[in-house]
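Working notes, beginning with the structure itself.
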Amino acid sequence: MAAVNDVVIKIATVNGTGSASANGLLRKAIFRMGVPVVGKNFFPSNIQGLPTWYEIRVTADGYQARSNRTDLMVAMNAQTYAKDMAEVTSGGWLVYDSTWPRSQLLDREDITVLGIPFSKLCNENFDGVRTRILMKNIAYVGAIAALLDLDLEVITQLLEETFGDKKHLVASNMEAIRIGYDYATENFPCPLEASVMAMDNTKDQVIMDGNTAAALGCVYAGATVGAWYPITPSTSLMDSFRSFCAKYRVDSETDKRTYAIIQAEDELAAIGMVLGASWMGARSFTPTSGPGISLMTEFIGLAYYAEIPAVIFNVQRTGPSTGMPTRTQQADILSCAYASHGDTKHILLFPANPAECFTTAVQSFDLAERLQTPVMVLSDLDIGMNDWMVPEFEWDDEYVPDRGKVLSADDLDQMDKFYRYLDSDGDGIPYRTLPGEHPKGSFFTRGSGHNKLGGYTEDGSEYQEVVDRLLLKWETARTLVPKPEIIYSKDNKAAILTVGSGNGGCKEALDRLASKNIGLNYCRVKAFPFGEEVKGFVEKHEVIYVVEQNRDAQLKTLLMLDIEANPDKLVSLLHYNGMPLNAGFVVDSVLKEMAKACAA
Amino acid sequence: MSYIAKPKVSHPKLPKNKLGLTERDYEGSVSTLCAGCGHDSITSAIIQAVFELDIEPHRLAKISGIGCSSKTPTYFMSESHGFNSVHGRMPSVTTGANAANRDLMYVGVSGDGDSLSIGAGQFVHAIRRNLNMCYLIENNGVYGLTKGQFSASADIGSKPKKGLANQQEPIDAVSTALSLGATYIGRSFSGDKEQLVPLIKGAMLHKGFALLDIISPCVTFNDHEGSTKSYAHTRQFYHHVVDMDYIPPAKEIKADYEKGSAMPIKLHDGSKIVLRKVDKEYDPSSRAKAFKYLRERSNAGEIITGLLYVNEGRPEMHDLMGNVDTPLSKLSLDSLRPPDGELERILRGYR
Ligand SMILES: Cc1ncc(C[n+]2csc(CCOP(=O)(O)OP(=O)(O)O)c2C)c(N)n1
Ligand code: SF4
Ligand SMILES: [Mg+2]
């Protein structure tokens, strides 16, 4: 049941009607009142005219996942009234535009229907079709403000920040807020039992989506070449990179840029460009999603074998094929881990939220250059495109990038002869040189068989020597990638293990299970290959619930393949309908599995 | 088979260029192509061109796709950085490399299969960007490395060793490049070093996308009677339309050119090229006229060669993007980050 500072608001609109800014205003107002919020988009793969939903979860505890409740539904889309009404949690409320009354449709007795004639009110008060549509959105924010007892001063301030000098826009938007606010106050008992009460739980927090945060990470990492081909849900990563660069990477005197964003002809070209740029020594990256990864695989294999750094952001969406492009999933884990033909395996990093997208982005360049190999950052639509409340991320101005083993012109001067693929340090990582630096540094980069000197070979043992060293490098990688987040509570024999955006729902589930006296330990993996810590964790427990967002238990498979985890103790809890994970699913599934185990 | 390094023996009598290097210093490992393969002649033309241009080997990057032709970068300039990428994708690797370091000279070597079939997309898009590179298509009308299937440049009526003649329209790299706005376009023949060497020099120094479509017979799979890419066929139907002389920066134009035929063009590094029009009708500064001429002549079965179009005025990729002159890969990462303490200010916008 909804309660003070524990409410889920869902707004149903039609896409292309400008409701995003109204929803953002609402979310920000609650956040500014010191109450934690998360905002999730459920949108169609379409530009205009189809149903879209925005869900705002108000949670005093700051839970990050979606909730499977809908306490207050704002049904602004007649097309979806019936479905939207059916979705309201018993005891909840439904607001709809009663300009056209729908009493026969709205027949649920266990919820309260609140009709507000938004269209009529806006038509009376505003001129112009577009203005009326936009103001209707602002008016529902006003109505919600009354129903939930939001601070109007905070809303005014937000509008002033948005419109700046354009005072007339602040005034007209405030008028629309008033229209909704006053109607609700006059006609319904405001506020509802489930309201928002100012608190102090958002200090040092920000609200950001993961793609923006990852783009900012690329700026801080010093990336200069970004190549891409547009694809949802990764597009906004490059859009953000572009706007940060416009601000921080243009010489104020000459107006010239210190970055190159290349919109490639396809993803094959995008990754080829990244490899070319990395080969030259620039920090280079490409953002993409599943279909793009499929196209990139041949080049990813080349980068693995020829040992060229590359950073790839895969903002996962629902597959297979085109799948559901605007829904989330974690179903590219295996295809990324082993992308490309032949014996290949790749480093994967799994941020769990936007704050980690920032740090992981920076880390991905360090690891790619240190290990001279592709690094894939696997986020997903939930992380990349939704608005998460996360602690303000920090940046250490003393940060020293790890450029890996690159020989300078001076180093080469001292050397007799340079060979590209020698393992001089015994860690499987050879030294590289950058083209143009020094005559002695030249070597031939190739995806065809090569020996440790860098020469072409078709000799089996020479070939094998190189691919065996790559395995040694893989073991080095295991020690360098980020360690998992592990939470032990007492000496539980069972645990939950998850990855990426599964974090929010699982942690909330741990709390809920604890309140039922079920204690579980927790491990969230942050990288592949799995290190000692993950291995130790798996070994220590008798039952591990592996929670992941795909049909085929890809994370579980990877645990079995990489650290030979015993499948008998890995119980898969799979959530793959395209919606972000919610704690309820985890709790219910754990309870079900426990009951099954007891019965057996 | 391991790769064979050529022994470096110094020949005191060999002529040296300004860097004190001999032509041998620009060689690579021993070619493993079939004896008589056109590609080997192109390799030696490249070696002569870079030797005469006094190019520092490590300041040039050679990049290729996959194919017999794409193997050749190992056969020249062993002191240059090379990148043998994947089939049809040389343009994207070169684009990224050039984006990161605009100071190096880029030579891309490709085949007709590599550029006109699997890599057609990357080929045309590199042209659109006016990528500053020298792009060589070693054109034999077949896929040599996979044993002689027709490529997209095969002419209608050309006969394979076995099976039926080709009936599909060929893709002509030169007219494709003309229509897409490449800024230096030539065609030549592996067997005509005199024409080829100056064309390569100009292509290397041209600022922008320079394409050379070089007929390069495959002796093993496409040099028989009935093939339109054989040595014999090429020699028979081959016409010089515009020849070209390369004149280094400090040198004056000395030769006496016939009136009305010479067209001097200044390159960005101060050197010059002089176009000598063999056919006075031809206008290598007009895309439309060049296109029409090519169409008419190739319909008549002629192979038109020379520097067919040139435009030194169009900005190349970096200038189109408005980038700094310093190569991006040379900028210190510190200089690329927002100022100290800025993150806090940025984050305030997300509260
Ligand atoms: C993705 C992929 N498909 C197929 C091949 C096989 N393959 C190698 S070279 C080649 C054709 C090369 O033809 P071309 O570029 O004309 O070069 P040539 O050998 O004629 O010089 C093909 C099809 C490959 N290497 N990669
Ligand atoms: S098969 Fe043809 S293209 Fe390949 S090396 Fe032999 S002659 Fe040259
Ligand atoms: Mg060919």
Side-chain angles (χ1 to χ4, degrees), chain A residues 31-32 206-208 216 219-222 224-225 227 248-249 251 254-260 262 264-266 268-269 272-277 279-284 298-299 302 392-393 395 397 401 434-439 441-448 451 455-459 462, chain B residues 1-3 5 29 56-59 61 63 73-74 78-87 89 91-101 103-104 121-122 124-125 129 318 321-338 340-344 346-347 350-351:
Chain A
F31 176 80
R32 290 275 181 100
V206 289
I207 296 195
M208 198 187 271
L216 198 54
V219 174
Y220 271 83
T224 48
V225 179
Y248 296 108
R249 294 287 189 77
D251 188 304
T254 60
D255 214 28
K256 287 192 172 173
R257 302 167 175 202
T258 57
Y259 66 97
I262 312 174
E265 50 273 29
D266 53 34
L268 286 90
M273 290 169 190
V274 169
L275 297 193
W279 174 55
M280 281 290 150
R283 288 195 150 183
S284 177
E298 188 185 17
F299 256 135
L302 172 84
E392 266 185 11
F393 23 103
W395 176 257
D397 285 318
L434 302 179
E437 285 295 302
H438 195 283
S442 300
F443 70 95
F444 208 90
T445 299
R446 47 163 69 82
S448 46
N451 59 25
Y456 179 86
T457 192
E458 293 182 10
D459 176 301
E462 283 190 355
Chain B
M1 180 188 61
S2 201
Y3 99 125
S29 52
E56 282 184 275
H58 75 287
R59 303 294 294 166
I63 306 171
T74 34
S78 53
E79 315 247 298
S80 294
H81 271 262
F83 195 139
N84 187 199
S85 69
V86 289
H87 196 16
R89 317 295 172 203
S92 62
V93 174
T94 313
T95 306
N98 189 313
N101 189 345
D103 274 1
L104 301 191
Q122 298 213 342
V124 300
H125 285 274
R129 295 185 185 99
H318 282 277
M321 293 198 281
N323 291 344
V324 289
D325 298 331
T326 316
L328 298 179
S329 62
K330 292 280 179 316
L331 299 167
S332 84
L333 295 192
D334 289 343
S335 74
L336 292 166
R337 275 196 297 274
D340 284 5
E342 183 68 9
L343 185 64
E344 225 182 287
I346 296 174
L347 291 177
Y350 294 87
R351 290 192 50 88

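Throughout, protein chains are lettered first and strands after them, A, B, ... in sequence-line order, and every chain is numbered starting at 1. Quick note: numbers below take in every heavy atom, side chains included, and nothing from hydrogens, waters or symmetry partners.
If you measure heavy-atom distances from Glu56(B) to chain A, you find no contacts under 4.5 Å at all. The parts of Leu343(B) that come within reach of chain A are both its backbone and its side chain, each placing non-hydrogen atoms under 4.5 angstrom from that chain. Of the atoms belonging to Leu434(A), it is backbone heavy atoms, and not side-chain ones, that fall under 4.5 Å from chain B. With a threshold of 4.5 angstrom between heavy atoms, Thr258(A) approaches chain B through its backbone and through its side chain. Contacts between Pro57(B) and chain A at a heavy-atom distance below 4.5 Å are absent for every atom of the residue.
Of the listed residues (Ser80(B), Gly82(B), Ala100(B), Pro91(B)), the one with the most heavy-atom contacts under 4.5 Å to chain A is Gly82(B). Interface check for chain B: of the options Leu275(A), Val274(A), Leu268(A), the most heavy-atom pairs under 4.5 Å are formed by Leu268(A). Here Phe299(A) is the residue among Tyr259(A), Phe299(A), Phe31(A) with the most heavy-atom pairs under 4.5 Å with chain B. Per-residue heavy-atom pair counts under 4.5 Å with chain B were compared for Gly447(A), Gly222(A), Ala227(A), and the maximum is reached by Gly222(A). Here Ala97(B) is the residue among Ala97(B), Ser329(B), Ser85(B), Ala61(B) with the most heavy-atom pairs under 4.5 Å with chain A. Ranked by non-hydrogen atom pairs under 4.5 Å with chain A, the options Ser335(B), Pro338(B), Ser332(B) are led by Pro338(B). Among Thr95(B), Val124(B), Asp340(B), the residue making the largest number of heavy-atom pairs under 4.5 Å with chain A is Asp340(B).
Within the model, atoms CE of Met273(A) and CZ of Arg89(B) stand 11.5 Å from one another, a figure rounded to the nearest 0.5 Å. Atoms CZ and OG1, on Phe444(A) and Thr74(B) in that order, are 5.0 Å from each other to the nearest 0.5 Å. Rounded to the nearest 0.5 Å, atoms CG (Leu331(B)) and CZ (Arg249(A)) are 8.5 Å apart. The OH atom of Tyr248(A) lies 3.5 Å from the CD1 atom of Ile346(B); values are rounded to the nearest 0.5 Å. Expressed to the nearest 0.5 Å, how far OG1 of Thr94(B) lies from CH2 of Trp279(A) amounts to 7.5 Å.
By the 4.5 Å heavy-atom criterion applied to side chains, Met208(A) and Leu347(B) are counted as neighbours. Residues Arg129(B) and Ile262(A) are in side-chain contact: their nearest non-hydrogen atoms beyond the backbone lie under 4.5 Å apart. Residues Leu336(B) and Arg283(A) fail the side-chain proximity criterion, which asks for heavy atoms closer than 4.5 Å. The closest side-chain heavy-atom distance from Asn101(B) to Pro435(A) is not below 4.5 Å.
Distance alone, capped at 3.5 Å, is enough to place a donor-acceptor pair between the Arg32(A) side chain and the Arg351(B) backbone. Checking side-chain atoms of Thr445(A) against main-chain N and O of Phe83(B) turns up no donor-acceptor pair under 3.5 Å. Listed for the His438(A) side chain is no donor-acceptor partner under 3.5 Å among the backbone atoms of His58(B).
Across every non-hydrogen atom of Ala260(A) and Met321(B), the tightest pair is CB-CE, 3.8 Å. Looking at every heavy atom in both residues, Ala269(A) comes nearest to Ser92(B) through O-CB, 3.4 Å. Considering all non-hydrogen atoms of both residues, Gly436(A) and Leu104(B) come closest at CA-CD2, 3.8 Å.
For the side chain to side chain contact (heavy atoms under 4.5 Å, CB included) test with Lys256(A), the passing option among Asn323(B), Thr326(B), Asp325(B) is Asp325(B); the others fail.
Ion pairing between a basic and an acidic side chain is recognised when a charged N comes within 4.0 Å of a carboxylate O; Arg337(B) and Asp397(A) show no such pairing.
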